[in-house]
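To start, the structure itself, in structure tokens.
Keep in mind it's a predicted model, so treat the numbers as computed, not measured. What's counted below: heavy atoms across the whole structure, side chains too, no hydrogens, waters or symmetry copies.
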Amino acid sequence: GQGRYGKVYQARYNNNFVAVKIFPTRDEYSYKREVDLYNTLNLRHDNLLRFIACDMTSREGEPELWIVTEFHENGSLYDFLGGNRNSIEQNFGKESATKTALKILSSAASGLSYLHAKISTTHHSFSGKDSISHRDIKTRNILIKNDFTTCISDLGLSISETNHQLLINDPNFNLQSGTVRHMAPEILNKNLDISIFQHFVSADVYCFSLVIWEVVNCLVLKNAYSQPYYDKVGHNPSIEMMNRVVNFQGVRPEFLGTNVEEFGSGRDSTVDLQEIQKLCRKMWSFDINERPAIAAVKLMLDELKKSIDA
């Protein structure tokens with residue numbers, strides 16, 4: 001496959017399939033940042049892509065930078081929503097699309113919540129963990145496991161609270177990095193205060209609200225898969241175009257469709273869908289202080305998942 005900073009290949013390592021992301025040397029900055037995060041922070045979590053190794057090598061005389069991670073044959077959530085929905089019925093039988101949607105979202109929120117968490121400890125076997133903002137949360141960077149839980153990938157743009165001041169003063173730093181369609185309002189209009197690390201974390205919450213919309217719109221409401229703002233901007237929108245739609249026009253994605261009867265399974269289904277809508281409205285608010293922490297989002301998704309399981 002082709003990622004933001006390079007190509008991704010399937011390979012074998014110690015008799016297991018792995019994914020090898022190869023960066024050209026011009027993207028050494030992104031490569032080094034991702035490797036540093038994996039090497040210096042405790043990023044072992046079921047819902048984060050597992051790092052295995054890194055290397056600097058050359059092929060046919062061309063230098064290359066490699067990151068080796070675990071391999072997930074189902075690909076990204078974007079791929080799944082866009083073309084693989086029928087595999088839900090094939091793999092889950094009676095399990096509903098709504099149940100699968102909540103499993104996907106709850107596990108992805110768990111991974112992002114762990115990234116955002118700052119963990120302090122005096123235990124000798126665990127040195128704690130810094131808070132990290134991903135800065136490019138989208139369905140392409142969420143991978144589907146065989147049990148339809150997920151893991152978050154691609155930390156090339158991520159920043160930690162510890163290295164935050166160093167990075168924002170780096171001449172290579174660009175606030176408007178990431179995927180234009182998914183940029184938070186305060187990044188589109190450059191109003192984000194880069195000196196406050198928590199503002200980057202809040203921008204991740206906005207991005208995750210769009211992931212929730214994509215999954216619910218496709219799997220629960222049974223609409224054909226669409227990217228956020230598909231009806232307002234073209235395939236490859238400019239920053240100016242997205243800023244006009246998101247900030248000046250105040251547009252947000254809509255939950256359209258009549259297929260809400262299985263949402264809540266035996267309860268008042270429209271109430272649960274309204275709860276999801278209410279949650280998203282908070283998450284994609286202009287006011288970053290209104291946005292809930294991703295840990296609170298995970299708790300709500302877990303509660304909805306339990307109600308489906310009941």
Side-chain angles (χ1 to χ4, degrees), residues 37 41-49 76-78 101-120 128-145 148-162 164 177-179 181-187 192-194 196-217 228 246 252-253 255 272 275-306:
L37 285 173
L41 299 174
N42 289 297
L43 294 184
R44 292 278 180 171
H45 189 275
D46 286 345
N47 303 119
L48 296 179
L49 182 64
S76 72
L77 179 54
Y78 174 84
L102 290 171
K103 180 181 285 189
I104 287 170
L105 291 172
S106 175
S107 58
S110 179
L112 185 55
S113 179
Y114 184 78
L115 266 187
H116 285 182
K118 183 172 184 176
I119 304 172
S120 300
K129 185 199 142 296
D130 204 0
S131 177
I132 299 169
S133 166
H134 187 281
R135 296 186 65 222
D136 198 20
I137 288 293
K138 58 183 179 178
T139 53
R140 291 182 189 271
N141 287 337
I142 298 173
L143 304 181
I144 299 282
K145 297 184 177 185
F148 282 82
T149 59
T150 60
C151 62
I152 291 173
S153 67
D154 199 342
L155 303 182
L157 292 177
S158 301
I159 59 174
S160 69
E161 188 170 15
T162 297
H164 157 241
S177 295
T179 305
R181 184 183 297 274
H182 296 80
M183 281 183 186
E186 63 273 16
I187 294 179
L192 183 144
D193 186 343
I194 64 172
I196 302 176
F197 174 74
Q198 196 60 37
H199 287 189
F200 290 97
V201 171
S202 295
D204 281 352
V205 174
Y206 169 89
C207 295
F208 195 75
S209 71
L210 301 184
V211 172
I212 293 176
W213 176 84
E214 288 175 77
V215 171
V216 171
N217 184 60
V246 172
R252 295 294 186 273
F255 291 90
D272 287 331
E275 288 299 312
I276 286 284
Q277 291 174 303
K278 188 189 302 182
L279 176 66
C280 284
R281 281 196 293 271
K282 290 180 180 178
M283 293 172 70
W284 61 41
S285 171
F286 286 111
D287 184 353
I288 64 173
N289 295 314
E290 288 186 8
R291 296 178 197 162
I294 202 69
V297 173
K298 178 189 178 299
L299 285 175
M300 180 185 169
L301 292 169
D302 286 345
E303 286 301 312
L304 284 171
K305 185 170 172 288
K306 286 177 185 174

**OP:** Step by step, work out the side chain to side chain contact (heavy atoms under 4.5 Å, CB included) result for Phe208 and Ile152.
**Re:** CA-CA 11 Å; Phe208 195 75; Ile152 291 173; 5.8 Å; no
Original post:
Is there a side chain to side chain contact (heavy atoms under 4.5 Å, CB included) between Ile288 and Tyr206 once you walk through the steps?
Top reply: CA-CA 9 Å; Ile288 64 173; Tyr206 169 89; over 6 Å; no
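In this structure, the side chain of Thr150 engages the main chain of Ala108 through a donor-acceptor pair within 3.5 Å. No donor-acceptor pair under 3.5 Å is formed between the side chain of Arg140 and the backbone N or O of Ser76. Between the side chain of Lys145 and the main chain of Asp46, a donor-acceptor pair closer than 3.5 Å is present. Distance alone, capped at 3.5 Å, places no donor-acceptor pair between the Asn47 side chain and the Cys151 backbone.
Scored by the salt bridge (Lys or Arg N to Asp or Glu O under 4.0 Å) test, Lys278 finds Glu275 as partners (sequence neighbours excluded). A search for ring pair (Phe, Tyr, Trp, His ring centres under 6.0 Å) contacts involving His164 returns Phe197, Phe200, not counting sequence neighbours.
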Let me check something: any side-chain donor-acceptor pairs from residues 291-301 under 3.5 Å, sequence neighbours excluded? List them with distances.
residue, atom, partner, partner atom, Å
Arg291, NE, Met283, O, 3.4
Arg291, NE, Ser285, O, 3.0
Arg291, NH1, Glu186, OE2, 2.7
Arg291, NH1, Ser202, O, 3.1
Arg291, NH2, Glu186, OE1, 2.8
Arg291, NH2, Ser285, O, 2.8
Lys298, NZ, Asp302, OD2, 2.6

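Between the CD1 atom of Ile137 and the CD1 atom of Ile142 there is a distance of 5.5 Å, given to the nearest 0.5 Å. Distance check, rounded to the nearest 0.5 Å: CG of Leu112 to OG of Ser107 gives 11.5 Å. Taking CG of Asn141 as the start and CG of Leu143 as the end, the distance is 8.0 Å to the nearest 0.5 Å. To the nearest 0.5 angstrom, His182 atom NE2 is 9.5 Å from Ser209 atom OG. Here the OH-CD1 distance, from Tyr114 to Ile132, works out to 8.5 Å after rounding to the nearest 0.5 Å. Rounding to the nearest 0.5 Å places CD of Glu214 at 7.0 Å from CG of Leu77.
Using a 4.5 Å heavy-atom threshold, the side chains of His134 and Leu157 count as separate. In this structure, Val216 and Leu105 have side chains that are in contact, with non-hydrogen atoms separated by less than 4.5 Å. Looking at heavy atoms from C-beta onward, Ile212 lies in side-chain contact with Leu279 at the 4.5 angstrom threshold. The shortest distance between side-chain heavy atoms of Leu43 and Leu115 falls below 4.5 Å.
In this structure, Ser110 and His45 approach most closely via the heavy-atom pair OG-CE1, 3.3 Å. The two atoms that bring Lys103 and Lys305 nearest to each other are CA-CE, 4.0 Å, heavy atoms only. Of all the heavy atoms in Gly111 and Leu48, the pair that sits closest is O-CD2, 3.5 Å.
Residue Lys282 qualifies as open at atom NZ: its count of foreign heavy atoms under 6.0 Å is 12 or below.
A cation-pi arrangement is present between Arg252 and Phe286 under the rule of less than 6.0 angstrom and at most 45 degrees off the ring axis.
Side-chain N/O atoms of Lys138 and Thr179 include a donor and acceptor closer than 3.5 Å.
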